[in-house]
Q: 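Just passing along the structure, written as structure tokens.
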Amino acid sequence: AKVYPLTYRKDSSDLPLTPEQKVISYNNFYEFGTDKGDPIKNAQHFKTSPWQVTVSGEAEKTGAFTLEDILKWNPLEERIYRLRCVEAWSMVIPWVGFPLADMLKRFQPTSKAKYVAFETLFDPEQMPGQRSRWGGGGINYPYVEGLTIAEAMHPLTLMAVGLYGKTLPPQNGAPIRLVVPWKYGFKSIKSIVSITFTEQRPRTTWSELAPNEYGFFANVNPKVAHPRWSQASERIIGSGGLFAQKRRDTELYNGYAEQVASLYSNIKENHFF
Amino acid sequence: MPDVMVQRIIQNHPQLMGFKALLHGACLLPALWIFYLGAIDSLGADPVKALIHFYGIGAVHCLLATLVVSLLSKKLRTPLLMRCRRLLGLYVAFYATLHIVCFLVFEWQLQWAEVIDEIIRRPYITFGFIAWLILVALTLTSFKRAQRAMGARWSQLHSLVYLSLALILLHFYWSQKSPWNQAIAYAFAGAALLYLKRSNLLNWLKLFK
């Protein structure tokens, strides 16, 4: 799939970016293979047009919306965010998109809408990882994720349609994906076809696959180790070879504590899991 | 023909020399080449992970090969093949050591305290580390003189290779994010080889009774 330039408002952040070539060739997108180098190879013929997103559940306005409709609703803006993978590596990516809140408000969620559930496309013909347990890392497809309504409405939560000034390459979750920068990367679901407002907490893929290792919230915290590895620091995927590698200490909420910590002031359960 | 002469023919067998040279090339060149690719940033987005995985899997391949070699040489009754086993065994330790050195130098940037903490606290790393210690012990006693000096103890020690294999396969499986991963295939291969070598394994266990 080709990528096209986008028109958007620039972000003035001066975080050093991960090179574009690394952002688009190092992907956890098991639908296209479990090796991080697989998606760029296997996703190039992925069809992202026509595309529609079905909105359902506890909201006044539901239905199916085409990507063209969705793109008309909000102006695009660039957001340079840190991305922290649960595997203890990180990137800095210039996304292009719009706040998820601006999209969700149009559907007028009701007072029963406590959570928002998302679903990735299920299309085994196009996504080899969905054809077998072996190819797809044992995930029960389609991939599903969810946020509390407060998290979904937070101004940092982004619906991304591009990166590095162009439309998303398929391996990065084209044509439309979530970006939640204070949570581990697996929360940022790719190639979304469905959004549902729910009263009950929705199922989420990784917490279902390995319930002792991944929880619903998955907020970044250097003090809460993954059962099999430390989360205290992270390796930066930057430019350069073996001798130009760098580590950094992981930050609470991936460095977005000031903006998001208040979301959890009333949550009693362990929201770092 | 007296035994000594057979020995000599085998030792100086030109085919064996050629085959050994080939094995050295097959084991050594990929390790060097991949390091070069990593150094010039031509190993994908994350050269560190790629290198660590390559050396880790390289160690597994060599280890499985040593077991296949000893099984095959018994089946084919050719001691020639058996004479390559030590070479392969040393490459297991070679690859495993590169795996650990890259983990320490490139993944952890020589932060010794953190690395030691990881080795103690993460069971999959603990298991991998124990397996490496076994490989080091086997390497240090791999010479003819050590073999003679140790007598029966030598095979007792060197049968720890089976334990090392089990630990390495567990380490491999456990290091993967998803529970359905390629390590399962290697575990099956390892289990099959251990099953075929079960008589050796039982004899070894008897030594401890």
Side-chain angles (χ1 to χ4, degrees), chain A residues 18-28 30 33-38 40-41 85-91 129 132-140 186 205-206 209-214 225-230 232-249, chain B residues 32 34-55 57 98 101-111 113-128 170-186 188:
Chain A
T18 301
E20 182 177 5
Q21 189 51 37
K22 296 210 172 189
V23 174
I24 67 170
S25 64
Y26 194 70
N27 309 99
N28 275 322
Y30 281 17
T34 54
D35 189 275
K36 279 181 264 295
D38 287 341
I40 192 171
K41 284 183 256 164
C85 180
V86 73
E87 299 163 3
W89 52 264
S90 67
M91 293 186 178
S132 79
R133 286 255 138 164
W134 290 105
I139 286 174
N140 179 19
F186 66 85
T205 291
W206 277 99
L209 188 66
N212 59 324
E213 300 198 338
Y214 309 96
H226 182 278
R228 287 180 286 151
W229 55 81
S230 162
S233 63
E234 64 206 40
R235 218 151 38 74
I236 301 167
I237 306 291
S239 55
L242 287 173
F243 298 100
Q245 296 296 314
K246 289 190 193 80
R247 277 194 94 84
R248 73 190 282 271
D249 290 338
Chain B
L32 297 175
I34 200 105
F35 190 87
Y36 168 72
L37 289 180
I40 62 166
D41 200 18
S42 290
L43 211 52
D46 189 355
V48 176
K49 203 114 266 179
L51 201 66
I52 292 175
H53 284 185
F54 184 86
Y55 289 148
I57 290 187
L98 287 176
V101 167
C102 289
F103 178 73
L104 176 69
V105 176
F106 299 119
E107 169 100 37
W108 281 97
Q109 311 277 309
L110 288 170
Q111 298 180 42
E114 282 81 356
V115 170
I116 292 167
D117 196 54
E118 288 289 284
I119 292 172
I120 296 166
R121 274 215 280 201
R122 315 282 160 217
Y124 86 94
I125 297 179
T126 315
F127 282 23
L170 196 61
H171 163 80
F172 185 15
Y173 177 75
W174 231 341
S175 71
Q176 307 284 304
K177 185 159 135 201
S178 155
W180 290 75
N181 58 64
Q182 55 168 342
I184 296 174
Y186 284 92
F188 272 111

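Note on naming: letters A, B, ... go to the chains in the order of the sequence lines (proteins, then strands), and numbering restarts at 1 for each one.
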Q: Please say whether more than 12 non-hydrogen atoms of neighbouring residues, nucleotides or ligands are located less than 6.0 Å from CZ in B:R121.
A: no
Q: Apply ring pair (Phe, Tyr, Trp, His ring centres under 6.0 Å) to B:H53 and list each qualifying residue two or more places apart in sequence or on a separate chain.
A: none
Q: Considering only heavy atoms and a distance below 4.5 Å, find which of A:G135, A:G37, A:A88, A:G240 pairs most often with chain B.
A: A:G240
Q: With a 4.5 angstrom heavy-atom cut-off, is it the side chain or the backbone of A:V23 that approaches chain B, or both, or neither?
A: neither
Q: Is chain B contacted by the side chain of A:A225, its backbone, both, or neither, given a heavy-atom distance below 4.5 Å?
A: side chain
Q: So, do B:Q176 and A:T34 sit near enough that their side-chain heavy atoms are less than 4.5 Å apart?
A: no
Q: Determine the minimum heavy-atom distance between B:R122 and A:P227, stating which atoms define it.
A: NH1-O, 4.3 Å
Q: For chain B, which candidate among A:G136, A:S230, A:S25 shows the most heavy-atom pairs at distances under 4.5 Å?
A: A:S230
Q: Counting only non-hydrogen atoms closer than 4.5 Å, does A:K246 touch chain B with its backbone (N, CA, C, O), its side chain (CB onward), both, or neither?
A: backbone
Q: Rounded at 0.5 Å granularity, tell me how far CD1 in B:I40 sits from CG in A:L242.
A: 10.5 Å
Q: Which heavy atom of A:R247 sits nearest a heavy atom of B:Q111, and at what distance?
A: CD-NE2, 3.5 Å
Q: Looking at CG of B:D41 and CD of A:Q21, how far apart are the two atoms once the value is rounded to the nearest 0.5 Å?
A: 10.5 Å
Q: Run the ring pair (Phe, Tyr, Trp, His ring centres under 6.0 Å) test against B:Y36 and tell me which residues pass, sequence neighbours left out.
A: B:W33
Q: Side-chain contact test, heavy atoms from C-beta onward, threshold under 4.5 Å: evaluate it for A:R235 versus B:W108 and give yes or no.
A: no
Q: Please report, to 0.1 Å, the donor-acceptor pairs under 3.5 Å made by any side chain of residues 179-186 of chain B, with sequence neighbours excluded.
A:
| residue | atom | partner | partner atom | Å |
| --- | --- | --- | --- | --- |
| B:N181 | OD1 | B:A183 | N | 2.9 |
| B:N181 | ND2 | B:S178 | O | 2.6 |
| B:Y186 | OH | B:H61 | NE2 | 2.7 |

Q: Sort B:S42 into side chain, backbone, both or neither according to what part of it lies under 4.5 angstrom from a heavy atom of chain A.
A: neither
Q: Rounded to the nearest 0.5 Å, what separates atom CD in A:Q245 from atom CZ in B:F106?
A: 8.5 Å
Q: Please examine the side chains of B:K177 and A:Y214, heavy atoms only from C-beta on, and report whether any two atoms are closer than 4.5 Å.
A: yes
Q: Is it the backbone or the side chain of A:S233 that comes under 4.5 Å from a heavy atom of chain B, or both, or neither?
A: side chain
Q: Non-hydrogen contacts under 4.5 angstrom with chain A: give the residues of residues 44-52 of chain B involved, or none if there are none.
A: B:G44, B:A45, B:D46, B:P47, B:V48, B:K49, B:L51
